Amino acid sequence: MNNELRQSSARAHANIALIKYWGKRNGPLNLPAVGSISITLAELYTETQFSWTVSETDTAILNDEPDETGRISRFVDLIRRRADIDYSAAISSVNNFPTGAGLASSASGFAALTVAGCDAANLNLSARELSILARQGSGSAARSIDGGFVEMFRGVRADGEDAFATPLADADDWPLEVVVAITTRARKAIDSTTGMTDTATRSDFFEAWVANADGDLDAAREAIAACDFDALGALAERSCLKMHGLMLSTGNGLIYWSPATVATIHEIRKLRADGMPVYFTIDAGPQVKAICAPGYGEAVAEKLKTVPGVEAIQRTGLGPAARVIE
Ligand code: PMV
């Protein structure tokens, strides 16, 4: 087989931000207006098979459904350009977590696509280069290239070469646990790119959000270095609530929460008042992610199962970097 017609498969894990990214300083390049800090999740991942073919067009099957948006093909153009390849791509990608459950799959999806596509193209890129590439598929995908605790830099350059993610600590250094409370399986009403644009142009609070981000990042980095669970949990909860406050303050008033989201928040705060080491974070959707100190995932899951409106629970620890698989 011609070397350029290689195929490859990769696995990349989902991540959730503890210090949130919301807002872009450049749309097409997906350059974030703020840095972010995330944890990579062991039990939620995407596996992607990537082959170069001589067919006329790209094909991308995501969880048994063809991608009609052209988003995958536009992303593969970046790999083609970089590797100087003009073959088409045949891509098949599967999430191991429930599709349509409102769990962010673009992060693990674009990270797996980046790793498989670059390997199939014989591009030997560093983790930083992979992260810069993955970012152009989805901002949060830049963080799924690495495992454990990860920081994404906002960067200042117009070309985005300084907007990449890098590991802060390994999963084993501080094995936090996460319980995801799924409160509705409906697809989110407003996608994150539309929501971010709306926020940047139509919220009075956007400048304050950007101005405060670096302080939160500094404090979270310190909390991770010291394995200070209460400090990190409090920062994560506050960053989440600030982001949702920002969303609520846009022109259209973006409300991603369901009644069960709010009920779960209150349950987590009650558990904490009773001595359980748990904090929440929520992305652009109704699911609640409970961040638990090591050893507390099971007890928290048992409690969150009983919250009215919680449809399912998924538990996970922290996971590894994206990688090529057999
Ligand atoms: O990368 P995107 O476009 O899926 O945006 C992610 C935005 C949030 O999930 C809400 C926050 C974050 O930092 O992951």
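Starting from 1, each residue takes its place in the sequence as its number. Atoms within a ligand are numbered from 1 in the order they appear, just like the ligands themselves. Quantities reported herein were computed from a predicted structural model and do not represent experimental measurements.
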Show the atoms of ligand 1 that are less than 4.0 angstrom away from any heavy atom in [X].
{"X": "Ser106", "answer": "4 (O)"}
{"X": "Ala17", "answer": "12 (C), 13 (O), 14 (O)"}
{"X": "Ala284", "answer": "10 (C)"}
{"X": "Gly139", "answer": "1 (O)"}
{"X": "Ser192", "answer": "2 (P), 3 (O), 4 (O), 5 (O)"}
{"X": "Ser138", "answer": "1 (O), 2 (P), 4 (O)"}

Residues, nucleotides or ligands: over 12 heavy atoms within 6.0 Å of Glu311 CD: yes
Check whether any N or O atom of [X], backbone or side chain, sits under 3.5 Å from an N or O atom of ligand 1, and answer yes or no.
{"X": "Tyr21", "value": "yes"}
{"X": "Ser36", "value": "no"}
{"X": "Ala141", "value": "no"}
{"X": "Lys24", "value": "no"}
{"X": "Ser140", "value": "yes"}

Full working for salt bridge (charged side-chain N to carboxylate O under 4.0 Å, His left out) between Asp77 and Arg74: CA-CA 5 Å; Asp77 283 342; Arg74 285 194 296 279; over 6 Å; no
Shortest non-hydrogen separation from Arg315 to Val179 and the atoms involved: CG-CG2, 4.1 Å
Shortest non-hydrogen contact between Ala10 and Ala116, atoms and distance: CB-N, 3.6 Å
For atom 12 (C) of ligand 1, the option (of Met196, Arg143, His244, Met243) bearing the nearest heavy atom: Arg143
Presence of salt bridge, Lys289 and Asp283, under 4.0 angstrom: yes
Salt-bridge criterion met for Glu267 and Lys303 (N-O under 4.0 Å):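 Not counted as a salt bridge, because no side-chain N and carboxylate O are separated by less than 4.0 Å.
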Name each donor-acceptor pair under 3.5 Å that joins a side chain in residues 317-326 to protein atoms two or more places apart or in another chain, with its distance.
| unit_1 | atom_1 | unit_2 | atom_2 | d |
| --- | --- | --- | --- | --- |
| Arg323 | NH1 | His13 | NE2 | 3.2 |
| Arg323 | NH1 | Ala321 | O | 3.0 |

Contacts of type side chain to side chain donor-acceptor pair (under 3.5 Å), residue Thr48, not counting sequence neighbours: Ser93
